[in-house]
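To keep things clear, I will list the structure first and then write my remarks on it.
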Amino acid sequence: MSKFDLPRATRDFLPGETAARNLVRAAFVQSAEAYGFQEIQTPIFEHVELFSARSGPEIKSSMLTFHCDNEEFALRPEMTAPVCRLMSSGLLDLNHLPHKFSYFGPCFRYTRPQSGRYREFLQAGIECLGASGPEVDAEIIAASARTLSSLGIENFNLRIGNIGIFRDLMPDDFDVEEWATVIGHLDRLNGIHEKCRLLAERPDESLLSDLRIDRMELATLQEQTEYTGPYAIADASHLDVTQYASKIGAEAEATFRRLWEVEESIPAETAELLIQISRLRGPVQRVREEAFSLLRGSSSTAALENLFAVCEAVEMYGVDNLNVALGIARGFTFYTSTVFEITSGLADGDRLYCGGGRYDRLVELFGGPPMPSIGCAFRFDTLVEAFCNANAWEQSRPHEIFLLSETKEKLHHAVQFSEELRKCGLRVGVGVGKPTSNRVSDLATHKTDVLAYMGASDSLQLLYAEAEEKAPLDAASVSDRVKSFRNR
RNA sequence: GCUGGCGUAGCUCAGUUGGUUAGAGCGCUUGAUUGUGGAUCAAGAGGUCCCUGGUUCGACUCCAGGCGCCAGUACCA
């Protein structure tokens, strides 16, 4: 029972977990590098103003902040703002764009604990700053998908959308706040559609209770907007399970349609179009036809063409599991066109591995030059978990060989020899004892692959799991023996 | 912020409809035994039953408040 507790919503990682996390990190950095994304590092804390620039001062309450010398700092809650700051810092050569960066590091948010949400978490991502075009988007998307493959995670779902399709349908005088609200609604609608789709494929109690909560909230929204119509939830308060998947989607659509007309002054036909668009989802070829016939003559055709150009470019990389999902909104106002998500697929509850999109005006917002950019971030913890599930991951013992000296007087021989073995690249432990006691067998089980007993003679007795042999006191040959044991 | 669950040995947890001395498995310590991937046997240590107050002859148990943890929800730049 320790005198000190962990700060709320933080974690310790033991050697096995840490090793797995380091492997995932290494795989991430390596596959990013394979596409030319070079790793950068920025400070773990910055001036508070950097992070409130985009989101307003009230965001301060969800950051970990501190004062020093009359300055106020915040532990970074995200990596995008520092990267954009870097772009406008003058350190970078802006004549040779784009800059392709990867980043990896701890971020901090002062949030209520919730499963999978911690106050310190790792964020990993890649960004391509200063370039636009479908090929650029496709490269980011393909690189993200390859990162998952390189971790042995193969059964993922890739969904690509384009937020510009919605944006271009909005009235010209639509301001940022209204846009944020509508994006929130679209995101919500998409989520409900997604859950309904999952529920239709496999009954699941937790999905069902999620949807019940969604439905209650829809009912509240309907009440606020005085909705009356065929999908009034109050009129059909009870649904049996089989109706959930089929009916809630329509109820949600009706609710948001009404909401957009009443509270956002969106014309009825535009609201209808938003609903229709958000439904479109599936393989590229099929959705292409539906989407173009739906949006023919609208102001969104350019964004739509861009979306399918991105999909074509992604397909060149040979990425499977590609779907178009026009309903993806990703919940952030700063995305300007391409948005995408990679999830775990149905079997694992469709958990988010990675999400990102194009943000062509963000660098400017941070005081930099105009710079069309795209980036994405990984859910590192989800990635680690999936990695451990996908691979027969076993924690290694701290030592590959442990030298046991017969007596304390002879220990210096063992220590000297251990140093020679370490030069050969082995992980080596040293101790005193006979290879017979309980303590020693415990050691053998938990702490080392091979136990080596240095008795009276000038040779070593190597004790493996199910065999033993003599070996000369020669670092190179012992090292070879141990390594061949490890590899078999 | 809101809703629910939980808090007993180092760990995972049982238990007590309120009653003498607080339970198990694993782990730990010591010894014996077996030359070898780790057992077997014997003994032992280890507890403010989260805290504070209340009810009671008596509270780990019931009640109230607090703290902590977990899950869901709002939020999530």
Going by purine N1 to pyrimidine N3 plus the second Watson-Crick contact, or the G-U wobble pair, all under 3.5 Å, which nucleotide sits opposite B:U73? B:G1
For B:U36, does the O4'-C1'-N9-C4 (purine) or O4'-C1'-N1-C2 (pyrimidine) torsion place it in syn, i.e. within 90° of 0, or in anti? syn
Does B:U36 have a Watson-Crick or wobble mate here (both distances under 3.5 Å), and if so which one? none
Using the P atom in both, what is the distance from B:G1 to B:G66, to the nearest Å? 12 Å
Answer with base, sugar-phosphate or nothing: what part of the nucleic acid does A:T448 contact at a heavy-atom distance below 4.0 Å? base
Using the P atom as the reference point in each nucleotide, state the distance between B:C6 and B:C50 in Å, no decimals. 13 Å
Residue set satisfying salt bridge (charged side-chain N to carboxylate O under 4.0 Å, His left out) with A:E39, at least two apart, ordered chain then number -> A:R25
Rounded distance in Å - CG (A:L14) to P (B:C11): 13 Å
Across every strand shown, the nucleotide meeting Watson-Crick or G-U wobble geometry with B:C26 (both distances under 3.5 Å) is B:G10
Which nucleotide, in any strand shown, forms a Watson-Crick or G-U wobble pair with B:C62, with both distances under 3.5 Å? B:G54
Could you list the residues that satisfy side-chain contact (heavy atoms from CB on, under 4.5 Å) with A:D214, not counting sequence neighbours? A:R188, A:I192, A:K195, A:L211, A:E217
C1' gap between B:G10 and B:G72, integer Å: 31 Å
Between A:M371 and A:S88, is there a side-chain heavy-atom distance shorter than 4.5 Å? no
Polar pairs (N or O, both sides) under 3.5 Å between protein and nucleotides 3-5 of chain B?
none

Sequence-distant partners of A:F73, ring pair (Phe, Tyr, Trp, His ring centres under 6.0 Å), two or more places apart: A:F45, A:H47, A:F66
Residues which pass side-chain contact (heavy atoms from CB on, under 4.5 Å) with A:A32, listed by chain and number, not counting sequence neighbours: A:F37, A:S102, A:I126
Between B:U30 and B:A45, how many Å separate the two P atoms, rounded to a whole number? 15 Å
B:G23 to B:U3 separation - C1' atoms, rounded to the nearest Å: 34 Å
Return the set of residues passing side-chain contact (heavy atoms from CB on, under 4.5 Å) with A:T65 (not counting sequence neighbours), or none when no residue passes. A:V48, A:K60, A:M63, A:E72, A:A74
Strictly by modelled atom types, are A:S477 and A:R481 linked by a side-chain donor-acceptor pair under 3.5 Å? no
For residues 369-381 of chain A, the salt bridge (charged side-chain N to carboxylate O under 4.0 Å, His left out) pairs (sequence neighbours left out) are A:R11-A:D381, A:R21-A:D381
salt_bridge(A:R197, A:E194) N-O dist < 4.0 Å: yes
Say you pick atom P in B:G7 and the same atom in B:C63; how far apart are they, in whole Å? 13 Å
In whole Å, what is the span from the CD atom of A:Q461 to the P atom of B:U36? 11 Å
Base, sugar-phosphate or nothing for A:R76? Non-hydrogen atoms, less than 4.0 Å. nothing
What integer number of Å spans the C1' atoms of B:C51 and B:G68? 10 Å
Could you tell me how far B:A59 sits from B:U8 if I compare only their C1' atoms? Round to whole Å. 14 Å
Short N/O separations, protein against nucleotides 65-69 of chain B, under 3.5 angstrom:
from	atom 1	to	atom 2	distance (Å)
B:C69	OP2	A:R8	NH2	3.1

Give every donor-acceptor pair under 3.5 Å between a side-chain atom in residues 105-112 of chain A and any protein atom, sequence neighbours left out.
from	atom 1	to	atom 2	distance (Å)
A:R109	NE	A:P77	O	2.8
A:R109	NH2	A:P77	O	3.0

Under 4.0 Å protein heavy-atom contacts per nucleotide of nucleotides 71-77 of chain B, with B for base, S for backbone only and - for none: SSBBBBB
I want to know whether A:Y353 and A:F156 have ring centres closer than 6.0 Å. no
Using both distances under 3.5 Å as the test, list the Watson-Crick or G-U wobble partner of B:C41, or none. B:G31
Sequence-distant partners of A:F256, ring pair (Phe, Tyr, Trp, His ring centres under 6.0 Å), two or more places apart: A:H185
Mind checking side-chain contact (heavy atoms from CB on, under 4.5 Å) for A:T343 and listing every partner two or more places apart, or none if nothing turns up? A:N157, A:R159, A:D350, A:L352
